[in-house]
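Reading through the structure tokens given below for one structure.
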Amino acid sequence: MIDIVRFRPEHLEQLVNPLKVSAEMIPLKNSSGSAYTALYNNKPVMSAGALMIWPHVAEGWALVTPLDPIPARKIIFQVRQRISSFMRSLELHRLQATVRLDEVNSNRFVRAIGFEFEGYMKGYDSDGNDFVRYGKVMK
């Protein structure tokens, strides 16, 4: 059974090895008002939310554990159904996501929930990894 609940900071430690919670993840702990967690059999399997960039524009983020196809499809369905109301609740006209190019499942997930490919970002991070930019715009 899948339940969607408000994100709580302790979900982060349940999704990521606490020793691997890096400095980059600290802002995620403070996004409880703009983030949710998917529970599968009462265990967090995904948290996702938005960090405001400027008024009406935010960067989407997600942390996902490996899942079997059936619960993964159910979560995609739930997120796809809720993303527009989530954007309206934050008064967003644009939600964007930056995904590492070699993260095949993450790229599939972002497209499956309704984001559109916008372009490649070569050498984007401090390690020189390539990323992809996706966006979802509501008019």
Side-chain angles (χ1 to χ4, degrees):
M1 177 171 188
I2 307 243
D3 291 308
I4 306 292
V5 299
R6 285 236 178 240
F7 172 79
R8 293 193 320 259
E10 59 267 21
H11 293 157
L12 190 60
E13 281 82 17
Q14 294 171 328
L15 289 165
V16 179
N17 179 332
L19 299 175
K20 292 187 177 184
V21 175
S22 63
E24 293 91 20
M25 292 184 185
I26 300 304
L28 305 184
K29 287 186 171 189
N30 300 322
S31 59
S32 57
S34 59
Y36 294 87
T37 297
L39 304 175
Y40 179 61
N41 294 332
N42 294 318
K43 277 183 54 181
V45 293
M46 176 186 144
S47 288
L51 298 171
M52 298 303 288
I53 298 174
W54 47 75
H56 311 294
V57 178
E59 181 77 20
W61 63 267
L63 294 170
V64 184
T65 61
L67 285 171
D68 292 329
I70 291 173
R73 274 186 243 127
K74 288 179 180 179
I75 288 172
I76 288 168
F77 179 76
Q78 292 271 340
V79 172
R80 190 171 179 94
Q81 278 193 310
R82 297 169 187 235
I83 197 160
S84 292
S85 62
F86 173 73
M87 289 177 69
R88 279 192 297 277
S89 73
L90 295 175
E91 299 180 355
L92 298 177
H93 70 259
R94 177 180 173 80
L95 181 59
Q96 62 188 37
T98 305
V99 181
R100 220 168 103 159
L101 180 62
D102 61 354
E103 294 283 341
V104 176
N105 288 332
S106 297
N107 281 277
R108 264 191 214 135
F109 172 77
V110 169
R111 287 191 309 271
I113 63 170
F115 281 71
E116 293 181 27
F117 172 83
E118 293 184 338
Y120 293 102
M121 302 165 70
K122 295 193 176 283
Y124 182 69
D125 69 1
S126 58
D127 293 327
N129 293 300
D130 295 338
F131 281 70
V132 179
R133 166 71 72 208
Y134 292 95
K136 182 164 181 63
V137 176
M138 291 180 40
K139 298 189 183 205

D125 side chain vs D127 backbone, donor-acceptor pair below 3.5 Å: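 Present.
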side-chain contact (heavy atoms from CB on, under 4.5 Å) between H11 and V5, intermediate numbers included: CA-CA 11 Å; H11 293 157; V5 299; 4.0 Å; yes
If hydrophobic clusters are built from ILVMFWY residues whose side chains come within less than 4.5 Å, do [X] and [Y] share one?
| X | Y | answer |
| --- | --- | --- |
| V64 | I2 | yes |
| L101 | F131 | no |
| F117 | M138 | yes |
| I4 | Y40 | yes |
| I83 | I75 | yes |

What side-chain donor-acceptor pairs closer than 3.5 Å can you find for residues 108-115, not counting sequence neighbours?
unit_1	atom_1	unit_2	atom_2	d
R108	NH1	N105	OD1	3.1
R111	NH1	N107	O	3.4
R111	NH1	Y134	OH	3.1

Please give me the minimum heavy-atom distance between [X] and [Y], naming the atom from each residue.
| X | Y | answer |
| --- | --- | --- |
| M46 | A48 | CE-CB, 3.6 Å |
| A50 | S34 | O-OG, 2.9 Å |
| G123 | D130 | N-OD1, 2.8 Å |

Test side-chain contact (heavy atoms from CB on, under 4.5 Å) applied to R6 and Y36, step by step: CA-CA 4 Å; R6 285 236 178 240; Y36 294 87; 3.2 Å; yes
Beyond-backbone contact of W61 with S47, side-chain heavy atoms, under 4.5 angstrom: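 A side-chain contact exists here, since the closest heavy-atom pair is under 4.5 Å.
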For residues 89-97, tabulate all N or O donor-acceptor pairs below 3.5 Å that involve a side-chain atom, not counting sequence neighbours.
unit_1	atom_1	unit_2	atom_2	d
S89	OG	F86	O	2.7
R94	NE	Q96	OE1	2.9
R94	NH1	E118	OE2	3.0
R94	NH2	Q96	OE1	3.2
R94	NH2	E118	OE1	2.6
R94	NH2	E118	OE2	3.4
Q96	NE2	E59	OE1	2.9

Distance in Å, K74 NZ paired with D68 CG, rounded so as to fall on 0.5 Å steps: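 Answer for the NZ-CG pair, K74 versus D68, is 11.5 Å.
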Check against side-chain contact (heavy atoms from CB on, under 4.5 Å), R100 and S106: CA-CA 8 Å; R100 220 168 103 159; S106 297; over 6 Å; no
E10, CD: over 12 other non-hydrogen atoms inside 6.0 angstrom: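 Enclosed.
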